[in-house]
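What follows is a single structure, written as structure tokens, with notes after it.
Letters A, B, ... are given to chains in the order of the sequence lines, protein chains preceding strands, and every chain is numbered from 1.
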Amino acid sequence: MQLSEQEIQRREALQKLRDLGVEPYPAEGYEVTHYAEDILKNFETKPGDYEQVSLAGRIMSKRIMGKAGFTDLKDHTGRIQLYFNRDEICPDEDKTLYNEVYKKLTDIGDFIGVEGSVFVTRMGEISIAVKRFVFLSKSLRPLPVVKTDADGNIHDAFTDPEQRYRQRYVDLVVNSGVKETFLKRSRIINSMRNYFNAFQYVEVETPILQPIPGGAAARPFITHHNALDIPLYLRIANELYLKRLIVGGFDGVYEFAKDFRNEGMDRTHNPEFTVMEIYVAYKDYIWMMAFTEKMLEQVVKDVNNGDTVVQVGDKSIDFKAPFKRISMLDAIKEHTGHDITGMDEVELRNLCRTLGVETDETMGKAKLIDEIFGEKCEKNYIQPTFITDYPKEMSPLCKRHRSNPDLTERFELMINGKEVANAYTELNDPIDQRERFEEQLKLSEKGDDEAMFIDHDFLRALEYGMPPTSGMGIGIDRLTMLLTNKSSIQEVLFFPQMRPEKVATGPKPADFIALGIAEEWVTHVMKIYPSVEELQALKPTQVHQKLNGYRKKNKLEIAALQLADVESWWS
RNA sequence: GACUCGAUAGCUCAGCUGGUAGAGCAUAACACUUUUAAUGUUAGGGUCCUGGGUUCGAGCCCCAGUCGAGUCACCA
């Protein structure tokens, strides 16, 4: 491994610490009595509470000035300044702890624990006068140093998205605000969970590995189970399992589920993503609309200091319930001026041409309508809006509309021009469901690789009887993007999927050690012979002389090689 | 999948018709007892993403590739 200058220096510092009897990676825990945020917030009103404090965290910056030095410590609540005074740290003659250990052997990134008292510097900054400090963990790699000046300008920000996503741990340490996004994500999920639990609905877990990837139209990931010797799919949805639970007698079930879809990746798509799905018995989609808008209003209030208005880019979005409701056909009428009620496929195709919406031969009636909606209407719904009553062919798991057999009882919730939630009055007629699956099978035979499989066990469950049920799914990643004002899904996933990093293909010391070369020799051997192959292409005598010559020339403090040793590298 | 842009020191970035690489921060050394992006002086640090090509000479020009970002398409 090729170490940079700074990495070598830190390894040397590590050794010096040990030489001085300081353990850089102690085994025991460290007792923390206070946190940075608490001290900064409350010291001035109750200074008496902070005469003796103990904190632990990471060193973020260091400013030494002779016999005193300032260090910024970051714990999980924030940053606070530490004041190290030489004679305070080292009251006796021996000043090593200050001059060596503190001044030279602590680095940005190290974890330390400090004890001391809180005071205010002449510059007016609340700080900790350190009396004792210990190493908790030495950092061997330099962190990027991001500085903020008095006006709040950020200098030398760590901005390269590739590095930020691949090394999220670094991003979290040095970039303020990143952690807040993820804390908010957690609060969004907690708020939703609390809302459901208040209704006594039950949080459940259903299989991620599924023999039939059902519940949505998407290409799945496939894997193989060795003992059963069958293919298994990573779920693309959990809908069919949650409905089985409704069949089994649950009144309401929900799951925060990771789903997996083997499709393209971009700003709004990650191969694995989180969806919350909820199913409630004896309800329909009308009820579900009211349930959903109240839930979202509550979630937004919970994460937004009680406010229902969220700033997203240059738009203000108000989550105050009730949301606007409009049927898909009315939406199209509103934004295109055309009433498509009762139009057949030919008429729709002509309309698409008139409107400049691209079509192709394989598109059926439903797909054409969807295309018009997606092209002409979707982007207009900035404020939360329920789009209702979708064409039947688009929704094979959704119940036929009570007053129009060509439509289904479905809604999607559009916010900021994008779909955030999707819900149905669930289809519970097993005969109808079987027919819909069979239509999907025909699509599949035509080559649609996203058409749904027939799940016979699910049909069997429906045949035992499922109560009228409404279900709703909401994309947690996309909701989080909205509420944190992020335009990329990668900003709301800790570890977004990335292409694997290229591994250095160069030779590894281990390859040479495997030949029997002594460890002390390996780095030198590698300097002369970059690969095992190049070394072994030569004669042992030649290598033997060359290496011993190298040893002499560079005055290496290691024993000369014997020819027999060198010869053994070829065996 | 198509197009556009990017990859140079640990980090952020500069670089010239094509003539062996620069700055700030970080690092090391010295000075300095309350600093605020601390400061001052000095020093070290680079396979200029990879591989080919053109050229006397390539970080720069050409070709191919890798990775990333953006736009579009596809997908929900």
Side-chain angles (χ1 to χ4, degrees), chain A residues 2-10 12-13 60-72 79 81-89 98 103-104 107-109 119-129 139-167 170-171 174-175 215-219 236-237 259 261-271 273 275 358 360 370-371 374 378 394-395 412 418-422 448-450 473 475 477-478 487-488 490 496 498-506 530:
Chain A
Q2 206 62 42
L3 295 178
S4 71
E5 185 192 25
Q6 293 190 43
E7 289 172 301
I8 292 165
Q9 281 161 357
R10 289 192 178 209
E12 286 168 1
M60 297 305 287
S61 115
K62 217 167 92 170
R63 300 176 291 282
I64 304 279
M65 15 203 344
K67 293 169 193 155
F70 293 91
T71 291
D72 288 349
R79 271 169 92 138
Q81 177 169 273
L82 309 177
Y83 171 64
F84 287 78
N85 178 293
R86 188 186 67 184
D87 299 321
E88 199 57 45
I89 307 285
Y98 180 81
K103 267 173 76 170
K104 298 191 178 169
D107 285 298
I108 291 174
F119 75 111
V120 179
T121 65
R122 274 183 218 157
M123 297 301 293
E125 175 147 353
I126 296 170
S127 306
I128 294 163
S139 163
L140 295 182
R141 241 175 226 273
L143 282 172
V145 177
V146 179
K147 294 192 173 183
T148 308
D149 67 21
D151 301 327
N153 299 314
I154 294 171
H155 300 266
D156 300 323
F158 179 63
T159 51
D160 178 11
E162 172 163 12
Q163 292 201 67
R164 287 187 49 229
Y165 302 150
R166 286 195 196 280
Q167 302 186 53
V170 174
D171 191 33
V174 305
N175 286 335
R219 262 171 294 171
I236 55 175
D259 286 347
R261 296 187 185 176
N262 204 343
E263 293 166 352
M265 289 162 55
D266 61 28
R267 210 171 69 257
T268 54
H269 295 81
N270 195 63
F273 57 101
V275 173
E358 281 182 42
D360 65 56
D370 189 39
E371 206 66 22
E378 201 170 89
M394 288 168 62
S395 318
E412 287 196 356
K418 296 184 194 79
E419 177 204 337
V420 170
N422 181 20
D448 183 346
D449 57 359
E450 290 184 343
D477 308 296
R478 295 197 184 168
S487 56
S488 153
Q490 293 158 312
M498 306 279 279
R499 270 209 170 71
E501 276 182 272
K502 237 193 317 187
V503 243
T505 48

List the residues meeting side chain to side chain donor-acceptor pair (under 3.5 Å) with [X], not counting sequence neighbours, and say none if there are none.
X        : value
A/Ser4   : A/Glu7
A/Arg478 : A/His269
A/Gln81  : A/Arg63, A/Ser127
A/Lys103 : none

Quiz item: Taking for each residue the nucleotide of RNA chain B with the nearest heavy atom, is it A/Lys104 or A/Met498 whose nucleotide lies nearer the 5' end?
Solution: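 Nearer the 5' end of the strand: A/Lys104.
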If the cut-off is 4.0 Å, is [X] near the phosphate of [N], judged by side-chain N/O to OP1 or OP2?
X        : N      : result
A/Gln490 : B/rG68 : no
A/Arg63  : B/rA38 : yes
A/Lys147 : B/rA26 : yes

Exercise. Look at the side chain of A/Thr121 and the base of B/rU36, then say whether one donor and one acceptor between them are separated by less than 3.5 Å.
Key: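 Such a pair exists between side chain and base.
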Please work out if [X] contacts a base, only the sugar-phosphate, or nothing of the nucleic acid, heavy-atom cut-off 4.0 Å.
X        : value
A/Gln163 : sugar-phosphate
A/Phe84  : nothing
A/Ile154 : nothing
A/Asn153 : nothing

Quiz item: How does RNA chain B look in dot-bracket notation if pairs are Watson-Crick or G-U with both distances under 3.5 Å, crossing ones as [ ], other-strand ones as |?
Solution: (((((((..((((.....[..)))).(((((.......))))).....(((((..]....))))))))))))....
Practice problem: Whole angstrom is fine here: how far is it from CD in A/Glu7 over to C1' in B/rG10? | Solution: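 That distance rounds to 8 Å.
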Quiz item: Whole Å only: how far is the CD atom of A/Glu162 from the P atom of B/rG70?
Solution: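 The answer, rounded to whole Å, is 12 Å.
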Practice problem: Quote, to the nearest angstrom, the C1' distance that separates B/rG45 from B/rA2. | Solution: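 Approximately 42 Å lies between the C1' atom of B/rG45 and that of B/rA2.
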Quiz item: With ring centroids as reference points, do A/Phe70 and A/Phe84 lie under 6.0 angstrom apart?
Solution: no
Protein N or O to nucleotides 71-76 of chain B N or O, pairs below 3.5 Å:
unit_1	atom_1	unit_2	atom_2	d
B/rU71	OP2	A/Arg267	NH1	2.7
B/rC75	O3'	A/Glu450	OE1	2.7
B/rC75	O3'	A/Glu450	OE2	3.0
B/rC75	O2'	A/Glu263	OE1	2.6
B/rC75	O2'	A/Glu263	OE2	3.0
B/rC75	O2	A/His269	NE2	2.8
B/rA76	OP1	A/Ala217	O	3.0
B/rA76	OP1	A/Glu450	OE1	2.3
B/rA76	O3'	A/Arg261	NH1	2.2
B/rA76	N6	A/Glu378	OE1	3.4
B/rA76	N6	A/Glu378	OE2	3.1
B/rA76	N1	A/Glu419	OE1	3.2
B/rA76	N3	A/Glu419	OE1	2.5

